**Student:** 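Would you mind keeping the following structure in view while I ask a few things?
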Amino acid sequence: ELDHGMHFMPVCLSEFEEADFIEQVLSKTEHNGFPVVKDRATDVTLTGLVKRRDLQALLREKEGQVLLNESVNVASVMELSPWCTEESTPAARVYSWFVNMGMRHLVVTIDGTQEVAGIVTRHDWYESMINWESEAAADRDKKRKGGG
């Protein structure tokens, strides 16, 4: 099952989102990709992925034109077909995708739906793989030394 390096319940944005919420998200997070859903309060069906730089550009473009509590059209700058997979996807397959396709973000959906369950980033995936490999090597060493 896919839980290796996955951020469960990631910050999602609605297709139409208040400018002040986008500002908060950008100031309080460091990652570069955000799943876009129909409505983060009522319908977390995946509709796309938006990158930090595109959100920043959208806000700069709207600067002085919208109040912070007004909605902006996030859907106008999102990727319509982001890489995505279901939670039950084997970790080995995801590893292969990151290595062979050069993906940066992989949105994970609840099996049988298009509802966002999490997101895997290349950085977090590789970091978790290093930790996993270190733990596996320590276990092998422990077994060789008769400790388990």
Side-chain angles (χ1 to χ4, degrees), residues 1-140:
E1 227 176 74
L2 181 61
D3 59 2
H4 211 63
M6 182 169 95
H7 292 276
F8 294 90
M9 300 304 297
V11 175
C12 294
L13 298 174
S14 300
E15 291 180 348
F16 291 88
E17 192 63 77
E18 291 181 358
D20 61 342
F21 181 74
I22 296 171
E23 289 279 353
Q24 287 175 16
V25 166
L26 293 175
S27 68
K28 293 181 179 183
T29 62
E30 294 181 8
H31 52 279
N32 291 310
F34 304 90
V36 179
V37 296
K38 289 185 180 182
D39 183 327
R40 65 184 162 84
T42 61
D43 185 355
V44 291
T45 301
L46 179 67
T47 59
L49 181 85
V50 66
K51 295 191 175 148
R52 174 179 291 274
R53 69 173 181 263
D54 295 327
L55 288 172
Q56 291 167 330
L58 180 64
L59 291 177
R60 274 194 308 273
E61 176 184 305
K62 300 292 182 185
E63 200 170 334
Q65 298 174 29
V66 274
L67 300 173
L68 287 178
N69 63 350
E70 285 188 53
S71 290
V72 293
N73 186 355
V74 174
S76 68
V77 295
M78 72 180 182
E79 294 176 22
L80 296 174
S81 300
W83 290 102
C84 64
T85 193
E86 293 186 335
E87 289 177 298
S88 61
T89 303
R93 184 174 300 154
V94 173
Y95 174 78
S96 173
W97 291 341
F98 274 99
V99 169
N100 296 320
M101 296 181 174
M103 291 189 316
R104 294 183 59 93
H105 304 95
L106 177 66
V107 180
V108 181
T109 58
I110 296 170
D111 290 352
T113 74
Q114 284 297 307
E115 293 180 4
V116 175
I119 190 166
V120 180
T121 66
R122 179 174 56 196
H123 173 77
D124 293 329
W125 179 263
Y126 288 138
E127 202 168 89
S128 70
M129 288 299 294
I130 290 168
N131 292 338
W132 180 79
E133 288 171 359
S134 296
E135 290 171 12
D139 286 346
R140 284 191 302 272

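Computation of the quantities below employed the complete heavy-atom set of this structure, encompassing side-chain atoms and omitting hydrogens, waters and symmetry-equivalent molecules. Given the structure is predicted, the values throughout are model-derived calculations rather than measurements.
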**Student:** With a 4.5 Å cut-off on side-chain heavy atoms, are Leu106 and Phe98 touching?
**Tutor:**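 In short, these two side chains touch, coming nearer than 4.5 Å.
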**Student:** Check whether Glu87 reaches the backbone of Val108 with its side chain - one donor and one acceptor, N or O, closer than 3.5 Å.
**Tutor:**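 Not at all, since once roles are kept as given, no pair shorter than 3.5 Å links the two residues.
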**Student:** Roughly how far, to the nearest 0.5 Å, is CD of Glu17 from CG of Leu58?
**Tutor:**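 Reported to 0.5 Å precision, the distance equals 11.0 Å.
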**Student:** Just how far is it from atom CD of Glu86 to atom CD of Gln114, taken to the nearest 0.5 Å?
**Tutor:**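 These two atoms lie 7.5 Å from each other.
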**Student:** Less than 4.5 Å apart, side chain to side chain, heavy atoms only: is that true for Thr109 and Glu115?
**Tutor:** no
**Student:** I need the Asp39 CG to Glu15 CD distance, nearest 0.5 Å.
**Tutor:** 9.0 Å
**Student:** Write down the atom of Pro35, the atom of Leu49, and the distance for their closest heavy-atom approach.
**Tutor:** N-CD1, 3.7 Å
**Student:** Could you tell me whether the side chain of Thr47 and the main chain of Val36 form a donor-acceptor pair under 3.5 Å?
**Tutor:** yes
**Student:** Hey, is CZ on Arg104 packed in by over 12 heavy atoms from elsewhere, all under 6.0 Å?
**Tutor:** no
**Student:** Are Thr29 and Phe34 side-chain neighbours, meaning at least one heavy-atom pair lies under 4.5 Å?
**Tutor:** yes
**Student:** Under a 4.5 Å cut-off applied to non-hydrogen side-chain atoms, are Leu46 and Cys84 in contact?
**Tutor:**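 Of all side-chain heavy-atom pairs linking Cys84 with Leu46, at least one is under 4.5 Å.
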**Student:** What's the spacing between Asp20 CG and Ser71 OG if we round to 0.5 Å?
**Tutor:** 9.5 Å
**Student:** So, does Asp111 use its side chain to make a donor-acceptor pair with the main chain of Ser88 at under 3.5 Å?
**Tutor:** yes
**Student:** Which heavy atom of His105 sits nearest a heavy atom of Trp83, and at what distance?
**Tutor:** O-CB, 3.8 Å
**Student:** To check you understand the geometry: which heavy-atom pair defines the closest contact between Gly118 and Pro10, and what is its length?
**Tutor:** CA-CD, 3.4 Å
**Student:** What's the shortest heavy-atom distance between Gly102 and Arg122, and which atoms?
**Tutor:** O-NH1, 3.8 Å
**Student:** Check step by step if salt bridge (Lys or Arg N to Asp or Glu O under 4.0 Å) holds for Glu79 and Lys51.
**Tutor:** CA-CA 8 Å; Glu79 294 176 22; Lys51 295 191 175 148; 2.9 Å; yes
**Student:** Mind checking whether Leu26 and Leu59 have side chains closer than 4.5 Å, heavy atoms only?
**Tutor:** yes
**Student:** Using a 4.5 Å cut-off on heavy atoms from C-beta on, say whether the side chain of Trp97 contacts that of Val120.
**Tutor:**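 With C-beta onward as the side chain, the pair stays apart.
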**Student:** Please examine the side chains of Leu55 and Leu13, heavy atoms only from C-beta on, and report whether any two atoms are closer than 4.5 Å.
**Tutor:**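 Of all side-chain heavy-atom pairs linking Leu55 with Leu13, at least one is under 4.5 Å.
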**Student:** Is any side-chain heavy atom of Asp54 less than 4.5 Å from a side-chain heavy atom of Met78?
**Tutor:**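 Side chain of Asp54 against side chain of Met78, heavy atoms only: no contact under 4.5 Å found.
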**Student:** Out of curiosity, Asn69 CG to Phe21 CZ, how far, rounded to the nearest 0.5 Å?
**Tutor:**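 Going from the CG atom of Asn69 to the CZ atom of Phe21 covers 14.5 Å.
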**Student:** For atom CD of Glu30, is the number of surrounding heavy atoms from other residues, nucleotides or ligands below 6.0 Å larger than 12?
**Tutor:** no
